[in-house]
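Below: one structure, written as structure tokens.
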Amino acid sequence: MSILNADLHCHSVVSDGTLTPEELAARARQNGVELWALTDHDEIGGQHRAAAAAKAQGLRYLTGTEISITFAGKTVHIVGLGFDADNPSMVEGLQQTRGGRGQRAMEMSESLAAAGIHGAYEGALKYAGNHELISRTHFARFLVEAGVCKETNEVFRKYLTEGKPGFVPHRWATLRDAVTWITSAGGMAIVAHPARYGFTANEEFALFSEFKAHGGQGVEVVTGSHTAAEYVKYADVAREFGLAASRGSDFHSPEESHTDLGTLPYLPGELTPVWELLAHRIQ
Ligand code: AMP
Ligand code: MN
Ligand code: MN
Ligand code: MN
């Protein structure tokens, strides 16, 4: 069934969102979400809270995360759904991949200082509910607070991205590791918002081919990061590679996110939704 208000991608204070898992569950229910997943970056510490909050709200729930990987020199995100949140190799793998964030944050702060913006590390840390997960989003919030930019989107246009002040290249997990952690914990690996990466056609073909070879099974088709034309393009990619299709807002914050939980169009009808293959993992 494609006609299901499933929202399988969002962030809480456990990564770079501004709402708690409980606040997100309440908002999802208010917005008519029927099946929900919390997918914090590189972190599954919010999963038991989210599952309990979903139950209290009468929502069906899938465990979730969004793992940062490096592929063809770029950062790519792999969503995992329906895994066992206590699986030791998943817990350890994610802990390892979070490990580099502290050092990176200090280097980002030095780079911003060289551009005349001081105290960014301490400023960003204030916004990080989980210090292990200090992210560019927390720096963006500090730059808005400091009056350097009016909103976080402007920050990402002027800072923190390749070639701009505050950008520090980083090597994340490998595609193979991320897919293996998810699948060996009983879950499904899904390529997040593929239109965002700016890959050439060849690089994108390599991404999906290797992803499939490692055991990946899904792709986000309808996401807050895609245009309507990109829904069509990645519906074609799903068919071409035999991947199931996912749907998720990528909601972070009522103030910053332009797509709210549960407000996207339904998946195109002819695709296999990820929740069909994950029916046995729904709580
Ligand atoms: P990090 O994992 O620390 O590299 O931070 C990545 C996060 O920054 C993403 O998950 C988004 O929440 C945010 N982000 C990246 N690019 C943009 C952008 N262009 N506009 C708004 N937020 C962005
Ligand atoms: Mn984020
Ligand atoms: Mn992402
Ligand atoms: Mn996300």
Side-chain angles (χ1 to χ4, degrees), residues 6-21 24 27-28 36-47 50 62-71 74-81 94 97-98 101 104-105 108 124 127-144 151-153 155-156 159-162 166-167 170 172-173 175 178-179 182 189-199 204 207 211 216 218-226 230 234 246-264 274:
D7 195 320
L8 304 177
H9 189 149
C10 70
H11 300 273
S12 77
V13 291
V14 175
S15 64
D16 61 348
T18 61
L19 302 184
T20 62
L24 286 166
R27 192 175 183 100
W36 177 52
L38 171 65
T39 55
D40 280 310
H41 296 286
D42 304 323
E43 178 60 277
I44 52 180
Q47 289 307 308
L62 280 167
T63 54
T65 187
E66 181 179 21
I67 305 179
S68 315
I69 66 152
T70 302
F71 185 86
K74 289 196 166 122
T75 299
V76 167
H77 288 166
I78 302 295
V79 162
L81 293 177
L94 290 180
T97 203
R98 284 194 298 273
R101 280 183 179 266
R104 169 186 180 242
M108 286 169 65
Y127 288 96
N130 173 2
H131 286 191
E132 267 188 47
L133 220 285
I134 184 159
S135 92
R136 286 186 292 158
T137 312
H138 304 119
F139 278 84
R141 290 182 187 139
F142 168 70
L143 293 191
V144 172
E151 46 161 29
T152 53
N153 282 333
V155 176
F156 284 100
Y159 300 90
L160 312 183
T161 49
E162 208 164 342
F167 180 73
H170 192 77
W172 302 104
L175 177 62
V179 173
I182 296 164
I190 295 157
V191 176
H193 44 61
R196 283 242 310 248
Y197 307 123
F199 280 141
E204 194 177 84
L207 171 66
F211 173 74
V219 57
E220 285 187 344
V221 171
V222 175
T223 128
S225 300
H226 283 179
E230 288 161 350
Y234 289 97
S246 193
R247 174 182 190 262
S249 57
D250 208 356
F251 180 77
H252 283 70
S253 153
E255 287 76 34
E256 296 163 13
S257 298
H258 57 85
T259 306
D260 205 337
L261 287 161
T263 62
L264 286 167
V274 293

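What's counted below: heavy atoms across the whole structure, side chains too, no hydrogens, waters or symmetry copies. In listed order, ligands and their atoms are each counted from 1.
- Judged by distance alone, with hydrogens and angles left aside, the side-chain atoms of Gln47 form a donor-acceptor pair with the main-chain N or O of Leu38 at under 3.5 Å.
- When distances to the Mn ion (ligand 2) are checked against a cut-off of 2.8 Å, Asp16 contributes an N, O or S atom below that limit.
- Take the N/O/S atoms of His41: the one nearest the Mn ion (ligand 2) is NE2.
- Distances from the Mn ion (ligand 2) show that His11 has no N/O/S atom below 2.8 Å.
- In this structure, Asp16 does not pair ionically with Arg141, as no charged nitrogen and carboxylate oxygen lie closer than 4.0 Å.
- Judged by distance alone, the side chains of Asp7 and Ser249 do bring a donor and an acceptor atom under 3.5 Å apart.
- By the 30° and 60° cut-offs, the orientation of the rings of His9 relative to His11 is perpendicular.
- Taking backbone and side chain together, Glu66 holds an N, O or S atom under 2.8 Å from the Mn ion (ligand 3).
- Taking the Mn ion (ligand 2) as reference, His252 places its N/O/S atom NE2 nearest.
- Residue His193 counts as close to the Mn ion (ligand 3), with an N, O or S atom under 2.8 Å.
- Side-chain contact check for Ser68 and Asp42: at least one donor-acceptor pair (N or O, by modelled atom type) lies under 3.5 Å.
- Of all the heavy atoms in Trp36 and Ala50, the pair that sits closest is CZ3-O, 3.6 Å.
- Angle NE2(His9) to the Mn ion (ligand 4) to OD1(Asp250), rounded to 10°: 80°.
- One of the N, O or S atoms belonging to His77 lies under 2.8 Å away from the Mn ion (ligand 3).
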